[in-house]
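Order of the sequence lines fixes the chain letters, A, B, ..., with proteins taken first and strands second; residue numbering starts at 1 for each chain. Quick caveat: nothing in here was measured; it's all calculated off a predicted structure.
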Amino acid sequence: MKWVYIEEIGAYPDQDVEVRGWVYNKRSSGKVRFILVRDGTGILQTTIFGTDESHPLFKKFDALTQETSLIVRGRVREDKRAPGGVELSLQDIEILQVAQDYPITPKEHSTPFLMEHRHLWLRSRKQHAVLQVRAEVIKAIRDFFDGRGFRLMDTPILTPSACEGTTTLFETQYFDQKAYLSQSGQLYNEATAMAFGKVYCFGPTFRAEKSKTRRHLIEFWMVEPEVAFALLEDTIELGEDLILFILERVLTRRKSDLEELERDAAPLEQVKKPFLRLTYEEALPKLQEKGSTIQWGDDFGAPEETIISDIYPSPVCITHFPAKIKAFYMQPDPERPDLALAVDFLASEGYGELIGGSQRIHDLDILEQRIKENNLPREAYQWYLDLRKYGTVPHSGFGLGVERTVAWISKIKHIRETIPFPRLLYRIYP
RNA sequence: UCCUCGGUAGCUCAAUUGGCAGAGCGGUUGGCUGUUAACCAAUAGGUUGCAGGUUCGAGUCCUGCCCGAGGAGCCA
């Protein structure tokens, strides 16, 4: 008998097939018994009908518990009463293992309990849907860059020094010296961009920040494109195109998962180019008008991001931040050296910063001065300075956080549900 | 790190002024000829996070500790 997956079972009407999976739930009503079977691609209702209690499958039905692994065989039947319109009329049940006391029931559970059982929670419908969206977002990101002639450059995870400062780095032993887990591939990407023109890196990054909010993970995934000769405006357009490409993919390919998540697609369908752009100085009065106490020179906090996302329904690009609140490598505005040619993409609906990017300093003297001002060890940046000595060009890039993007698209409250095994401030199990 | 809140059955929660620790789900047993987190009936299930204190009496009040959640700062 042919083994088929539930997502494609509609292609086998009135045929005998085999489904391998787990018991999601079971019900009975007198002489009709139902087993909901899930196989990783969907959930299927299977039926046993009999007028006689001695029916050979009834005894097996009675033994089934939630998450029991089994192989079922039967005939595919269309029936309007079945969820999904298709069900399997059973001829045989082969039990692989009867699961005892599965802890996650179809009723409510608290977050701490579910996080403790994350390895099992992944089997639940909603978690399944979010991670389907995540996989689609990652696939879209790769297709977007690969399709535009970008080369994938894997940057190292073990690094000898800080990218943006040492306080938020995980330290580890590297034989007889210290090493740090990467918090960005950007500096290395600037080198590969000078070799390949358009590059991107995509991998996990690690930040030892004691952040305890719904928007932060200790370990998260980031895609970082870097383009030689690109200016700030070019990188903003690239970011817009990337976000629109991801949205279009998820909206067409994962519609059923968004429905499972009860995500209203309308706000996502309305996102259009160009995104609204505001300079930092244009944003300040709007924020103050709405009650923010922000002053020139302050960075945006959570309240400011919330105000911005409440005013505008689509992502908003904030540009030209005060240089002193931004990273050392960001290019100063030639007309206003106190401002950095940087951009933050703030997601609508309060999901915060999806993208942070900038034009990078390409002038050797300015970069050396910035390294000095920030008390960074010059020796560690020798190779980085070389990029400005041997054929320097203006260049720009950004980083997009995968989990925040998935959280925004899925409208999931907490970012921890957008990655299979989240690393959080006080949780590293399971 | 700081602020706020919480910890009672396997799970989600209740318990009046300090006065016999209780319900739903899940489990078990039985019933129901199409269920949709099915439903109905019965039943088992407790060191109230830990340590100490006040009291005739503490789940409840006090002190300390442990664990967790929400938020802030920082960021993607």
Side-chain angles (χ1 to χ4, degrees), chain A residues 24-36 43-53 55 62-63 65-67 77 79-85 87 89 99-117 120 124-126 163-165 167-168 183-186 204-224 239 298-306 325-327 343-347 351-357 398-408 413-416 418-419 424-427 429:
Chain A
Y24 192 77
N25 199 355
K26 69 173 187 179
R27 298 183 271 270
S28 71
S29 178
K31 302 298 181 283
V32 191
R33 311 203 174 181
F34 303 94
I35 312 164
L36 294 185
I43 297 176
L44 176 70
Q45 174 162 287
T46 67
T47 61
I48 311 166
F49 183 84
T51 50
D52 183 355
E53 274 305 310
H55 192 295
D62 290 343
T65 59
Q66 197 183 351
E67 289 306 316
R77 290 182 46 238
D79 192 313
K80 280 181 185 159
R81 292 169 294 188
E87 64 184 17
S89 184
Q100 299 291 338
D101 301 321
Y102 185 70
I104 300 178
T105 68
K107 292 283 179 174
E108 287 165 16
H109 297 287
S110 63
T111 303
F113 178 80
L114 291 168
M115 287 305 299
E116 197 71 14
H117 297 86
L120 304 175
S124 302
R125 286 178 134 123
K126 193 171 159 192
C163 173
E164 300 179 23
T167 54
T168 63
Q183 59 174 6
S184 166
Q186 183 208 311
T205 60
F206 307 87
R207 303 215 176 153
E209 292 160 4
K210 297 217 165 177
S211 299
K212 191 167 157 34
T213 82
R214 69 181 66 172
R215 292 201 286 267
H216 288 86
L217 291 171
I218 302 302
E219 178 181 320
F220 67 98
W221 286 66
M222 186 159 66
V223 60
E224 296 175 277
D298 295 342
D299 205 351
F300 283 19
E304 284 72 32
E305 292 188 355
T306 302
I325 57 170
K326 286 291 175 182
V343 58
D344 281 0
F345 283 58
L346 302 183
Y351 283 90
E353 192 181 335
L354 296 181
I355 284 180
F398 63 79
L400 173 131
V402 168
E403 288 77 14
R404 284 192 185 172
T405 304
V406 174
W408 171 54
K413 273 209 185 78
H414 201 298
I415 197 171
R416 65 188 158 215
T418 64
I419 187 169
L424 298 160
L425 183 51
Y426 296 119
R427 179 176 296 282
Y429 177 92

Quiz item: What residues, two or more places apart in sequence or in another chain, satisfy salt bridge (charged side-chain N to carboxylate O under 4.0 Å, His left out) together with A:Asp79?
Solution: A:Arg77, A:Arg81
Quiz item: Would you say the base of B:rC25 and the side-chain of A:Thr105 have a donor-acceptor pair closer than 3.5 Å?
Solution: no
Quiz item: Does a distance-only test, which skips hydrogens and angles, find a donor-acceptor pair under 3.5 Å between the side chain of A:Arg215 and the base of B:rC74?
Solution: no
Quiz item: Looking only at N and O atoms, is any donor in the side chain of A:His216 or the base of B:rC75 less than 3.5 Å from an acceptor on the other one?
Solution: yes
Practice problem: Using a 4.0 Å heavy-atom cut-off across all strands, classify A:His117 as base, sugar-phosphate, or nothing. | Solution: nothing
Exercise. Indicate, with a heavy-atom threshold strictly under 4.0 Å, whether A:Thr111 touches base, sugar-phosphate, or nothing.
Key: nothing
Practice problem: Classify the side chain of A:Thr168 versus the base of B:rC75 as yes if they form a donor-acceptor pair under 3.5 Å and no if they do not. | Solution: no
Quiz item: Taking atom C1' of B:rA37 as reference, at what distance in whole Å does atom CD1 of A:Ile104 sit?
Solution: 15 Å
Practice problem: Examine B:rG70: is either OP1 or OP2 under 4.0 Å from a nitrogen or oxygen in the side chain of A:Arg416? Give yes or no. | Solution: yes
Exercise. Only stems of 3 or more consecutive Watson-Crick or G-U pairs count here, both distances under 3.5 Å; name the ones for RNA chain B, or none.
Key: B:1-7 with B:66-72, B:10-13 with B:22-25, B:27-31 with B:39-43, B:49-53 with B:61-65
Exercise. Can you check whether any acceptor in the base of B:rG34 is under 3.5 Å from a donor in the side chain of A:Glu87, or vice versa?
Key: yes
Quiz item: Counting any heavy atom closer than 4.0 Å, what does A:Pro112 reach on the DNA or RNA strands: base, sugar-phosphate only, or nothing?
Solution: sugar-phosphate
Quiz item: With respect to the side chain of A:Lys212, which nucleotide from B:rA72, B:rC11, B:rC74 is positioned closest?
Solution: B:rA72
Practice problem: Please state the P separation for the pair B:rC13 and B:rG49 - nearest whole angstrom. | Solution: 15 Å
Exercise. In whole angstrom, give the distance that lies between atom CD of A:Gln183 and atom P of B:rC75.
Key: 11 Å
